[in-house]
Amino acid sequence: MTKPLATYFATIQDMPETEYKVEILEDGPVKKVAVNGKIYEVDYNLGGDTIHSIIMDHQSHGVQISNAGHSVYDVQHKQDYFQVQVINELMRMRRSHTQSVAAGRQIIMAQMPGVILKVYVNPGDEVQVGTPLCVLVAMKMENEIKSPINGIVKEVYIRDEDKVAVNEKMMVIE
């Protein structure tokens with residue numbers, strides 16, 4: 001396989017534990033792209049501000065892609081909707097280092113505005129890394145917020161059906 005021109009890592013909001021390695025192998029009218037090692041030839045055209053025409057395997061796909069924030073994109077194909085985060089190798093390395101050293105008091109903040117669908121924990125509950133804490137509905141998507149550390153829930157500032165703003169404190173875990 002040829003050396004990639006660029007490498008990115010993509011995760012889908014509903015499946016954060018699944019990561020896709022995307023490598024741009026050739027750039028031109030028809031791009032050669034590898035996704036987790038499988039090579040695709042992709043013909044790509046921008047048909048408007050957010051409408052993209054993508055041809056793969058002789059099939060045309062009209063896809064709406066819009067920027068939803070830092071490295072996050074809303075992708076709609078027919079009736080399917082995904083929120084995708086795309087990061088480069090350096091950002092991925094920094095993130096894995098940051099996640100691996102999470103310790104001590106953790107303040108869980110809302111990463112996006114939305115409505116709390118369900119709170120799963122109460123003060124005093126013991127949680128492990130990955131334990132679901134609550135569900136935040138944003139842009140018609142349910143986002144399960146998980147504990148970044150093993151610890152005890154010290155404070156909960158939210159209840160079911162509360163509206164939250166970006167960076168609003170939701171709970172504290174120690």
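Computation of the quantities below employed the complete heavy-atom set of this structure, encompassing side-chain atoms and omitting hydrogens, waters and symmetry-equivalent molecules.
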Do [X] and [Y] have side-chain heavy atoms sitting under 4.5 Å apart?
X	Y	result
S71	V86	no
V22	V33	yes
K21	F9	yes
S60	I55	yes
M112	Q83	yes

By side chain to side chain contact (heavy atoms under 4.5 Å, CB included) - contacts of [X] (at least two apart):
X	value
P132	Y120, E144
I12	M15, Y20, F82, V84
D162	I116, I158, R159
E161	none

List the atom of [X], the atom of [Y], and the distance in Å for their closest heavy-atom pair.
X	Y	value
E142	V137	CG-CG2, 4.0 Å
V119	C134	CA-CB, 4.0 Å
V72	N67	O-OD1, 3.3 Å

Does NZ in K32 sit with more than 12 non-hydrogen atoms of other residues, nucleotides or ligands closer than 6.0 Å?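 Counting other residues, nucleotides and ligands, NZ of K32 stays at 12 neighbours or fewer.
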Greater than 12 external heavy atoms within 6.0 Å of Y8's OH: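 No, the 6.0 Å shell around OH holds no more than 12 heavy atoms from other groups.
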What is the distance from atom [atom1] of [X] to atom [atom2] of [Y], rounded to the nearest 0.5 Å?
X	Y	atom1	atom2	answer
Q85	T11	CD	OG1	5.0 Å
M170	M109	CE	CE	9.0 Å
T7	N88	OG1	CG	9.5 Å
I145	T131	CD1	OG1	13.5 Å
Q106	N150	CD	CG	11.0 Å

Which residues pass the side-chain hydrogen bond (donor to acceptor under 3.5 Å, both in side chains) test with Y73, not counting sequence neighbours? none
Identify, with sequence neighbours excluded, every residue that meets side-chain hydrogen bond (donor to acceptor under 3.5 Å, both in side chains) alongside E19. R92
For [X], check salt bridge (charged side-chain N to carboxylate O under 4.0 Å, His left out) against everything at least two apart and list the hits.
X	value
D125	none
K154	none
K169	none
E155	R105

Would you list the pairs meeting ring-ring contact (aromatic ring centres under 6.0 Å, His included) in which at least one residue belongs to residues 22-66, sequence neighbours left out?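 ring-ring contact (aromatic ring centres under 6.0 Å, His included) check on residues 22-66 returns Y44-H52, H61-H77.
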Apply the test side chain to side chain contact (heavy atoms under 4.5 Å, CB included) to residues V42 and I54: give CA-CA distance (whole Å), side-chain angles for both, the deciding distance (0.1 Å), then the verdict. CA-CA 7 Å; V42 180; I54 299 171; 3.7 Å; yes
So, does N143 use its side chain to make a donor-acceptor pair with the main chain of L136 at under 3.5 Å? yes
Got a sec, which pairs hit salt bridge (charged side-chain N to carboxylate O under 4.0 Å, His left out) with one end in residues 42-59, sequence neighbours left out?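 Every pair satisfying salt bridge (charged side-chain N to carboxylate O under 4.0 Å, His left out) with a residue in residues 42-59: there are none.
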Does the pair I107 and V172 meet the rule for a side chain to side chain contact (heavy atoms under 4.5 Å, CB included), with working shown? CA-CA 5 Å; I107 300 172; V172 175; 4.2 Å; yes
